[in-house]
Each structure stands twice: as C-alpha cells, then as structure tokens.
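Scope of the values below: all heavy atoms of this structure, side chains included, with no hydrogens, waters or symmetry mates. Whatever order the structure lists them in is the order used to number ligands and atoms, beginning at 1.
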Amino acid sequence: MTATIIVGGFFGDEGKGKIISYLALHDNPSIVVRGGVGPNAGHTIVHDDKTYKVRMIPSGFINTKTQILIGPGVLINPNVLLREIEQLNIHERILIDGKCGIIEDKHLHEDTSEFLKNKIGSTGTGTGPANSERAMRTIKLAQNMESLSSYVSDIPTLINSALDENKIVLIEGTQGTYLSLWHGTYPFVTSKDTTASSICADVGIGPKRIDDVIIVFKSYMTRVGEGPLKNELSSSEILNMGFSERGTVTGRQRRAAKFNICLARRAIMLNSATQIAITKLDILFPDCVHTTIFRDLNEQAKSFIKKLEDSLHVPITLIGTGPNLNDIIDLRDHTAKN
Ligand code: GTP
Ligand code: IMP
Ligand code: MG
C-alpha cells in the first residue's frame with residue numbers, strides 16, 4: 001500500500017484529522033499531502049496532552065519526519081497558513097504548490113453576503129467567492145505572492161516521484177461527500193467536489209496510482225450550516241445521546257442524526273472506498289472509550305460494527321474510541337473480528 005486517500009463520507013467533521021494523524025504516526029509516510037477546498041476545513045488532532053486545530057496544514061504534520069504538502073487545487077489564505085506554520089514550527093518541511101489560488105480580503109467580505117452566510121450557512125472563510133474567481137480565471141496564485149515564495153514548489157512532481165520510489169504517500173481529503181458541489185445536497189454544499197476523484201486532481205495524481213480509499217464515517221451523523229439532514233434529532237435528543245459538538249472553524253453547534261446506511265452506501269460508491277474508518281464509537285458505547293483491541297469491545301459495540309460491515313460490504317479497518325489519536329482499534333493487519 002503506497003498511495004492512500006482519506007475522505008469524508010457524510011457532511012464533513014467525521015474525524016478525518018484524527019484518522020490521518022494516527023496513520024501519519026503509525027505508517028510513517030514520506031509525504032502527507034492535502035487536497036480539498038481550503039481553510040473552511042477544521043481538523044482537530046489530540047496527541048498526548050495537546051489539542052491542535054488546523055485549517056490549512058495537513059493533519060500529518062504530527063509526524064515530525066513527514067514532509068507536508070498542499071496541492072494546487074487547495075485555496076490558501078496566506079494569513080492562516082503563515083500563522084499555522086509559525087505555531088507548529090514546521091517551516092522546514094512544508095511546501096505548497098505555486099498554482100494554489102489565494103483568498104483575499106474581498107473574498108472574505110463577499111462570503112458575508114445574505115445568500116452565502118445566511119441561506120447556505122457558509123463558514124465565512126472566503127472559499128466560495130475565491131473558487132468563483134478561479135473559475136473566472138482572475139484569481140491570484142501562490143507563485144505570485146512574495147510572502148509565500150520560500151514555500152512554493154511543484155507538488156504533483158514531488159508526489160509522483162515519491163511513488164516511483166515506492167514511498168508511502170497519504171492524501172488528505174477535507175469536507176465530506178454530501179457537501180460536494182456535484183454529489184451533495186445542492187445548493188447547501190461547498191464550492192467544489194469533495195470526493196476521492198477530485199482529491200486526486202487537487203494534488204495532481206491520476207486515479208490509477210491510488211491503492212486505497214479510506215472513507216471516514218462518524219458513528220452518527222453531524223452537519224453544520226443549512227441544508228437537509230434526514231431524521232434530524234432535536235437539540236434535547238442530541239444532548240441526551242451525547243452527540244453535542246461545535247464546529248472547529250466557526251464554533252457553531254453541529255446538527256445531528258443517527259447513522260444513515262443509505263447515505264453511507266452511496267458515499268462508498270461515489271468514492272470507490274476500499275476501507276471504512278468509524279469514529280466516535282465511544283459516544284455510542286461509553287464503556288468502549290480508549291479501547292484498542294476489538295475483542296475488548298462490549299457485545300453491543302461489536303454487533304454494531306459487524307452489522308454495519310455486513311450492510312456496507314466494505315471492511316471496517318479503523319475504529320475510533322476516543323479523541324486521542326491513539327484511541328483507535330486498527331484492524332488492517334488482522335481483519336478477524338472475534
Ligand atoms: P473537516 O475536515 O472540517 O471535515 O473535519 P474532520 O473530519 O477532521 O473532523 P473535526 O476534527 O472537525 O471533528 C471531529 C471531532 O471529533 C473532533 O473534535 C475530534 O477530536 C473528535 N473525534 C474524532 N474521532 C473521535 C473518536 O473516535 N472519539 C471521540 N470521542 N472523539 C473523536
Ligand atoms: P463553505 O464551504 O464555507 O462555502 O460552506 C458551505 C457549506 O459547507 C456550509 O454548510 C458549511 O457549514 C459546510 N462546510 C464547509 N466546510 C466544512 C467542513 O470542513 N466541515 C463541515 N462543514 C463544512
Ligand atoms: Mg472539521
């Protein structure tokens with residue numbers, strides 16, 4: 001396994017950041033590269049006693065030996081990027097593509113419009129207006145920004161050369177399948193496609209070079225912003241079930257519903273997923289928290305996982321049992337779930 005993509009199967013915030021950071025530490029990839037829209041994403045990574053929240057930097061930064069890259073399809077807000085580079089002290093090992101589009105103040109301003117901010121419930125991070133300007137072919141690129149010049153490189157060449165040398169590359173998607181501009185709940189979606197095929201294009205790798213597509217589902221569903229959420233729970237049900245969460249970027253309360261098998265099946269199809277990661281099993285079954293061995297799960301939790309796998313026909317290989325990146329059951333080497 002050399003090239004693996006990680007994508008979200010629902011409406012974003014499935015816990016991709018935690019899964020990617022675990023894989024980055026455990027599998028020791030040479031490269032972790034980010035695709036996706038831009039700083040509208042917010043990954044939370046908990047390692048040892050520290051909690052990191054990143055909007056631009058790939059979650060794989062957690063492995064200090066890994067080179068971290070941002071592909072040309074990703075929009076960059078230079079202020080956010082430079083601040084995160086500084087905070088995480090990763091000047092030496094981050095590179096961005098010269099063709100990344102740049103988010104400017106005017107895009108942030110346009111993202112506060114009545115339509116985007118209130119009707120769609122955008123994150124207000126300027127990504128929609130910037131992608132719109134990219135389509136008009138007038139957006140500024142990273143290669144024209146003096147403040148970014150020391151980080152600019154040719155990301156597709158770096159990734160493809162690493163794969164030629166059989167090195168391990170992790171490709172990080174952001175948002176989720178049903179926020180896709182093509183496949184999501186239009187118009188309540190983000191400003192481009194978010195499925196695995198587009199994540200490939202974002203970083204400059206052809207589909208035939210991908211070995212695995214890991215789709216991440218939370219063990220229930222959450223959604224921030226507007227748009228349909230079938231069987232949406234009321235705020236008191238959300239509280240009672242322990243599903244209450246707030247957005248990493250906007251701090252908004254996330255809406256919630258139980259796991260939807262039909263949506264999950266379709267997301268697997270749209271992404272040609274080869275493996276499933278389920279996060280937050282500890283929220284459904286609190287006594288599973290921090291468990292790292294499948295047989296230590298209680299019978300109800302085991303049965304939840306087995307039933308999901310039987311209905312989805314794709315192996316569940318990673319199970320999140322807590323916010324820390326090591327709160328995980330890794331079944332990739334031994335799929336026997338007994
Ligand atoms: P986007 O890229 O914005 O879509 O976000 P994301 O998929 O990286 O998810 P995000 O970090 O925004 O939200 C997931 C939340 O769940 C974070 O607060 C994580 O710390 C937390 N989390 C992830 N996995 C687990 C888990 O297995 N158990 C628990 N309790 N929390 C988890
Ligand atoms: P935009 O991407 O900021 O234009 O927002 C469009 C829609 O996508 C809104 O409903 C946002 O809440 C949602 N969205 C965008 N990025 C994320 C994300 O990373 N996690 C969850 N929702 C997101
Ligand atoms: Mg998030």
Side-chain angles (χ1 to χ4, degrees), residues 6-22 34-47 51-56 58-59 75 103 107-108 110-113 115-132 172-181 184-192 194 215-229 242-255 277-286 288-291 318-329:
I6 292 92
V7 290
F10 288 142
F11 298 92
D13 304 325
E14 297 90 350
K16 296 176 291 296
K18 179 231 166 97
I19 297 294
I20 294 158
S21 55
Y22 167 76
R34 226 195 92 164
V37 185
N40 49 351
H43 295 312
T44 307
I45 296 130
V46 186
H47 183 39
T51 298
Y52 306 89
K53 290 181 188 286
V54 287
R55 290 171 55 194
M56 291 261 41
S59 305
L75 291 164
I103 298 175
H107 302 124
L108 294 171
E110 286 168 47
D111 216 359
T112 62
S113 73
F115 179 74
L116 288 176
K117 188 82 200 161
N118 296 334
K119 174 140 194 252
I120 303 298
S122 86
T123 58
T125 53
T127 49
N131 270 334
S132 159
E172 168 173 337
T174 61
Q175 286 76 41
T177 299
Y178 295 103
L179 291 176
S180 160
L181 186 58
T185 53
Y186 185 90
F188 303 102
V189 292
T190 190
S191 50
K192 56 185 245 213
T194 51
I215 193 162
V216 185
F217 296 117
K218 208 177 267 179
S219 46
Y220 51 97
M221 300 194 302
T222 58
R223 172 163 207 169
V224 275
E226 302 306 312
L229 180 63
F243 293 175
S244 185
E245 295 181 14
R246 284 194 177 272
T248 309
V249 176
T250 57
R252 291 180 292 186
Q253 180 70 44
R254 291 178 180 158
R255 301 155 59 199
I278 299 285
T279 61
K280 292 206 149 187
L281 191 70
D282 53 302
I283 302 296
L284 293 192
F285 308 101
C288 297
V289 69
H290 310 314
T291 303
L318 294 161
I319 302 171
T321 55
N324 196 292
L325 66 81
N326 287 317
D327 292 330
I328 200 161
I329 301 173

For atom 13 (O) of ligand 1, the option (of Glu14, His290, Arg254) bearing the nearest heavy atom: Arg254
From Ile20 atom CD1 to Ile6 atom CD1, the distance as rounded to the nearest 0.5 Å: 5.0 Å
For atom 25 (C) of ligand 1, the option (of Gly322, Gly15, Ser219) bearing the nearest heavy atom: Gly322
The one among Lys18, Arg55, Lys16 that brings a heavy atom closest to atom 1 (P) of ligand 1: Lys16
Euclidean distance, Ser191 OG relative to Ile120 CD1, rounded to 0.5 Å: 11.5 Å
Which residue and heavy atom of the protein sit nearest atom 4 (O) of ligand 2, plus the separation: Ser122 CB, 3.6 Å
Worked check of side-chain contact (heavy atoms from CB on, under 4.5 Å) between Ile19 and Thr279: CA-CA 8 Å; Ile19 297 294; Thr279 61; 4.0 Å; yes
Carboxylate-amine/guanidinium proximity below 4.0 Å for Lys280 and Glu245: yes
Selected option - heavy-atom contact closest to atom 12 (O) of ligand 2, from Arg252, Arg254, Arg223: Arg252
Interfacing atoms of ligand 2 (cut-off 4.0 Å, heavy-atom, Ile120): 10 (O)
Where ligand 1 meets Ala41 - atom numbers and elements under 4.0 angstrom, heavy-atom basis: 2 (O), 3 (O)
Asp13: its N/O/S atom lying closest to the Mg ion (ligand 3) (atom name): OD1
Which residue and heavy atom of the protein sit nearest atom 11 (C) of ligand 2, plus the separation: Gly121 O, 3.6 Å
Nitrogen or oxygen atoms of Lys218 and ligand 1 under 3.5 Å apart: no
Straight-line distance of Phe243 CZ to Met221 CE, nearest 0.5 Å: 10.5 Å
Metal site the Mg ion (ligand 3): N/O/S of Ala41 inside 2.8 Å: no
Within-4.5 Å side-chain heavy-atom neighbours: Lys18 and Asp327: yes
Minimum side-chain heavy-atom gap Glu110-Leu116 below 4.5 Å: no
Part of Glu245 within contact of ligand 1 (heavy atoms, under 4.0 Å): neither
Atoms in ligand 1 with a heavy atom of Gly12 nearer than 4.0 Å: 4 (O)
Interfacing atoms of ligand 2 (cut-off 4.0 Å, heavy-atom, Asp13): 20 (N), 21 (C)
For atom 2 (O) of ligand 2, the protein heavy atom that lies nearest, with its residue and separation: Thr190 OG1, 2.6 Å
Within reach of ligand 1, part of Asp282 (heavy-atom separation under 4.0 Å): side chain
Any donor-acceptor N/O pair, Thr44 side chain to Lys53 backbone, under 3.5 Å: no
Where ligand 1 meets Gly320 - atom numbers and elements under 4.0 angstrom, heavy-atom basis: 27 (O)
Interfacing atoms of ligand 1 (cut-off 4.0 Å, heavy-atom, Gly17): 8 (O)
From Cys288 atom SG to Ile329 atom CD1, the distance as rounded to the nearest 0.5 Å: 7.0 Å
Protein heavy atom at shortest distance from atom 31 (N) of ligand 1: Lys280 CE, 3.2 Å
Minimum-distance pair of heavy atoms, taken over all atoms of Thr174 and His43: CG2-NE2, 3.7 Å
Residue from Thr190, Thr125, Thr123 passing side chain to side chain donor-acceptor pair (under 3.5 Å) with Asn40: Thr190
Nearest-contact summary for atom 2 (O) of ligand 1 - protein heavy atom, Å: His43 CE1, 2.9 Å
Heavy-atom check, side chain of Val54 versus side chain of Ile45, under 4.5 Å: yes
Region of Phe188 that comes within reach of ligand 2 [heavy atoms, distance under 4.0 Å]: neither
Shortest protein contact, atom 14 (C) of ligand 1 (heavy atom only): Asp13 O, 3.6 Å
Proximity winner for atom 13 (C) of ligand 2, if only heavy atoms of Val189, Leu116, Leu179 are counted: Leu179
Pairwise side-chain contact, Leu75 with Lys192, heavy-atom cut-off 4.5 Å (strictly under): no
N or O pair under 3.5 Å between Gly42 and ligand 1: yes
Residue pair Ser244 / Gln253, side-chain donor-acceptor N/O under 3.5 Å: yes
Residue Phe11 vicinity, atoms of ligand 2 by number, heavy atom under 4.0 Å: 21 (C), 22 (N)
Proximal atoms of ligand 1 relative to Thr321 (non-hydrogen, under 4.0 Å): 27 (O)
Phe10 and Phe217 aromatic centres sub-6.0 Å: yes
Distance (rounded to the nearest 0.5 Å) between Thr127 OG1 and Leu108 CG: 9.5 Å
Nearest-contact summary for atom 3 (O) of ligand 2 - protein heavy atom, Å: Thr123 OG1, 2.6 Å
Within-cut-off N or O pair, Val46 and ligand 1, under 3.5 Å: no
Asp13 and Lys218 ion-paired at < 4.0 Å: no
Atom 16 (N) of ligand 2: nearest protein contact (heavy atom, Å): Gln175 NE2, 3.2 Å
Gap between atom CZ of Phe11 and atom OG1 of Thr177 - 0.5 Å precision: 9.5 Å
Nearest neighbour in protein (non-hydrogen) for atom 17 (C) of ligand 1: Thr44 CB, 3.7 Å
For atom 10 (O) of ligand 2, the protein heavy atom that lies nearest, with its residue and separation: Val224 O, 3.2 Å
